[in-house]
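Please read the structure below before turning to the comments.
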There are 4 protein chains.
Amino acid sequence: MSDKKEKIREAAIELFARDGFHETTTDRIAKRAGVAVGTIYNYFGNKRDVLDYIFLTEHSKRQDIHDEVSNVDTHPLDKLEMIIRRHFEEVKENPEMVTVILREGHNVGEKVKELEGLKKFLENIISEGIDSGHFQRIDAAICSSMIFGAIRAIMRDFSEAEESAKETPELFDQALEQLMMILKKGLDDSNNQ
Amino acid sequence: MSDKKEKIREAAIELFARDGFHETTTDRIAKRAGVAVGTIYNYFGNKRDVLDYIFLTEHSKRQDIHDEVSNVDTHPLDKLEMIIRRHFEEVKENPEMVTVILREGHNVGEKVKELEGLKKFLENIISEGIDSGHFQRIDAAICSSMIFGAIRAIMRDFSEAEESAKETPELFDQALEQLMMILKKGLDDSNNQ
Amino acid sequence: MSDKKEKIREAAIELFARDGFHETTTDRIAKRAGVAVGTIYNYFGNKRDVLDYIFLTEHSKRQDIHDEVSNVDTHPLDKLEMIIRRHFEEVKENPEMVTVILREGHNVGEKVKELEGLKKFLENIISEGIDSGHFQRIDAAICSSMIFGAIRAIMRDFSEAEESAKETPELFDQALEQLMMILKKGLDDSNNQ
Amino acid sequence: MSDKKEKIREAAIELFARDGFHETTTDRIAKRAGVAVGTIYNYFGNKRDVLDYIFLTEHSKRQDIHDEVSNVDTHPLDKLEMIIRRHFEEVKENPEMVTVILREGHNVGEKVKELEGLKKFLENIISEGIDSGHFQRIDAAICSSMIFGAIRAIMRDFSEAEESAKETPELFDQALEQLMMILKKGLDDSNNQ
DNA sequence: AATGAATGAGAATTCATTCAT
DNA sequence: TATGAATGAATTCTCATTCAT
């Protein structure tokens with residue numbers, strides 16, 4: 001992985017996060033990355049490829065998290081908690097990345113669009129939970145979509161919070177706690193009569 | 001409310017929904033609205049004002065829904081269900097509008113950004129529920145944000161579904177049912193020991 | 001035919017003639033035409049379309065000449081002379097046009113390439129001459145191609161001549177005389193034993 | 001003559017012939033020549049120098065032909081035929097070279113432009129023919145220019161013919177025959193009354 | 001009020017050339 | 001000599017906005 005390519009990726013994340021994809025010019029990306037415009041085009045076919053690359057890089061991180069978690073043998077609720085917690089940790093460390101992912105999803109290329117990593121992972125875990133009798137019979141796709149939406153909302157709140165607020169982000173801890181509580185009661189089959 | 005202004009708003013919704021704000025030119029909006037480009041500028045200060053206007057129009061519709069619901073005297077879970085149901089109904093009727101709201105939120109002006117209608121309504125209802133002892137003690141802001149996110153996710157699934165799928169949208173009914181089930185168990189205080 | 005479109009055509013001819021198609025920027029065309037760059041794109045899809053339009057305009061002039069001449073009932077050698085003379089007259093009046101036609105033929109679009117007006121006209125006349133027994137049996141295509149080439153060479157000499165020389169252009173008269181003399185003897189069948 | 005320099009010349013001919021001077025990038029020349037871009041600049045000052053070098057190389061070949069022919073003691077018409085035949089043979093062997101010469105003449109440097117080899121040779125022969133009384137009194141410059149133009153036209157027809165057609169190129173034989181027939185009758189003084 | 005031709009700043013992308021290795 | 005990553009000036013084309021009619 002070239003030094004310059006990484007520099008460009010990082011510069012693009014900062015700018016896409018702050019100004020959005022369309023408002024960010026290749027000139028500014030280059031300047032912030034400390035390279036010439038032409039250099040961007042030595043590593044990427046065009047501006048949108050830079051965005052795609054950001055998504056792809058992020059997606060493989062999520063893939064790693066999922067692989068790690070799915071191998072653990074534990075209650076599906078714990079798996080959900082683990083994966084969401086890990087996700088939030090990533091977000092805390094790369095808040096700008098989240099802003100980009102949230103804002104620019106519709107600007108990425110078709111192939112990248114199909115990835116939708118986290119949502120699929122949640123769906124897998126929920127499906128397993130239903131199969132193993134831990135969860136009541138619900139539609140895993142719809143449910144995972146909603147959980148995913150809830151997570152996105154928290155990320156959005158975080159990414160829109162004041163800079164000061166970001167430095168003590170208990171938001172994630174509180175949100176995780178509340179979400180898990182709701183899910184625990186809401187999904188658990190033993191609760192059902 | 002001028003006839004032309006409304007024509008422009010409708011044309012813009014269709015195009016913003018399909019192509020996004022930045023990919024839509026004022027020329028195309030004008031053509032689809034059946035007016036000249038210059039006419040757009042007789043009603044709006046600039047292109048972004050058209051987007052703002054779309055958001056504002058939508059927001060006042062949501063306001064009406066909320067006013068209606070908040071006056072009903074019933075269990076807060078029922079209020080939640082009513083408001084979400086009404087929201088989904090609106091979405092079914094104006095799917096393109098939703099696509100615009102979801103995609104272009106970050107392109108609107110600062111004032112419009114602050115509106116965030118539905119989320120505030122949810123928060124009010126949840127706060128009331130807590131106060132009245134119907135809901136357990138949770139953070140209403142975080143919780144409403146997550147519910148709002150779950151709703152957005154469903155809308156997103158809907159707005160990205162194939163055209164054919166849109167014509168028989170039981171998605172909303174199922175999603176509403178599942179969401180309410182989870183919330184019922186997850187929020188209700190009587191469930192708590 | 002819009003005033004501006006014509007201005008742009010004329011400016012482009014001058015610049016393409018002097019600097020060539022690729023060395024001429026759209027900015028300079030606009031400046032010389034006294035319009036804004038954007039205006040070029042109100043009348044033409046892209047820069048190459050401007051070149052195509054130059055060729056097409058010229059082609060229809062040649063078509064007119066041909067139509068006029070082919071209706072005259074006279075010896076095919078006279079027809080050749082008439083058409084070449086008329087052609088040279090056009091060239092004298094629009095020397096820059098010729099330079100463009102000679103230099104930029106390979107940059108025009110496919111459709112325009114196929115026109116090859118004058119050559120076809122010559123071929124028609126020669127074919128007729130052969131059929132009517134005035135000319136000996138030669139390959140009309142090859143022969144017209146060579147005559148066309150000879151004419152181009154003269155035009156090239158003219159377009160490359162010093163400015164001063166252009167103002168007394170007997171070159172064409174002399175060339176026409178010599179060419180006709182050679183063709184008269186070279187093509188005439190009565191000369192053949 | 002360095003091996004690499006020759007490789008670059010050959011690569012450039014192929015690409016200039018197919019795509020034209022301006023559409024050919026130095027990167028592609030380098031790739032096709034099997035060297036690095038930088039290497040081109042070890043042998044040539046800039047891109048245009050490569051084109052100049054192609055013209056110069058070709059010009060010295062033409063010079064050799066002329067020297068050979070001009071030493072033969074025979075009728076000027078035979079000399080014309082010999083020189084044109086030899087020229088066509090070269091063309092058959094290096095069709096791409098011809099395409100380059102025809103297309104890119106106006107892109108070469110000033111010094112190269114002045115060479116105009118073949119035309120000068122033709123003019124010499126015609127002048128000699130007039131002086132020796134074999135040809136009637138014509139303007140040798142104009143006449144050689146026209147013959148040169150006719151030859152170019154044939155080359156152009158050849159270089160634009162389908163690939164298949166190029167493999168059985170009787171075109172040149174027919175063209176040569178017809179051109180010589182016309183010139184024989186058209187130039188010969190004995191034919192004159 | 002409505003029009004739409006004209007505008008020109010601005011953006012993405014290209015590519016000849018350089019130079020450190 | 002050879003290399004090829006880096007450069008950044010230059011170019012084409014777009015499109016929001018204006019304003020004379």
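Residue numbers start from 1 in every chain, and the chains themselves are labelled A, B, ... in the order their sequence lines are given, proteins ahead of strands.
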- Query: With Watson-Crick and G-U wobble geometry limited to distances under 3.5 Å, how should the secondary structure of DNA chain E be encoded in dot-bracket form, using | for bases paired to another strand and [ ] for crossing pairs?
  - Reply: .||||||||||||||||||||
- Item | For atom NZ of C:K5 and atom P of E:dA6, their distance in whole Å | 12 Å
- What residues form a side-chain hydrogen bond (donor to acceptor under 3.5 Å, both in side chains) with C:R9, not counting sequence neighbours? C:E6
- Assign each of D:Y43 and A:Y43 the nucleotide of DNA chain F bearing its closest heavy atom; nearer the 5' end lies the nucleotide of D:Y43
- Query: Rounded to the Å, how far apart are D:F16 CZ and E:dA16 C1'?
  - Reply: 12 Å
- To the nearest 0.5 Å, tell me how far C:R18 CZ sits from C:T24 OG1. 7.5 Å
Check: residues 27-36 of chain A side-chain donor-acceptor pairs under 3.5 Å, at least two apart:
from: A:R28; atom 1: NH2; to: A:E23; atom 2: O; distance (Å): 2.6
from: A:R32; atom 1: NH1; to: A:E14; atom 2: OE1; distance (Å): 2.2

- Message: The side chain of A:V35 is closest to which nucleotide in this list: F:dT7, E:dA6, F:dT3?
- Response: F:dT7
Pairs under 3.5 angstrom, nitrogen or oxygen only, protein versus nucleotides 16-19 of chain F, please.
from: F:dA16; atom 1: OP1; to: B:K47; atom 2: NZ; distance (Å): 3.2
from: F:dA16; atom 1: OP2; to: B:T26; atom 2: N; distance (Å): 2.7
from: F:dA16; atom 1: OP2; to: B:T26; atom 2: OG1; distance (Å): 3.0
from: F:dT17; atom 1: OP2; to: B:Y41; atom 2: OH; distance (Å): 2.8
from: F:dT17; atom 1: OP2; to: B:K47; atom 2: N; distance (Å): 3.0

- Item | ring pair (Phe, Tyr, Trp, His ring centres under 6.0 Å) partners of B:H22, counting only residues at least two apart | A:H22
- Query: For A:R62, what residues pass the salt bridge (Lys or Arg N to Asp or Glu O under 4.0 Å) criterion, not counting sequence neighbours?
  - Reply: A:E58
- Message: For A:R28 and C:A36, find the nucleotide of DNA chain E closest to each by heavy atoms; which residue's nucleotide sits nearer the 5' end?
- Response: C:A36
- Calculate the interatomic distance between C:F44 atom CZ and F:dT14 atom C1'; express it in whole Å. 18 Å
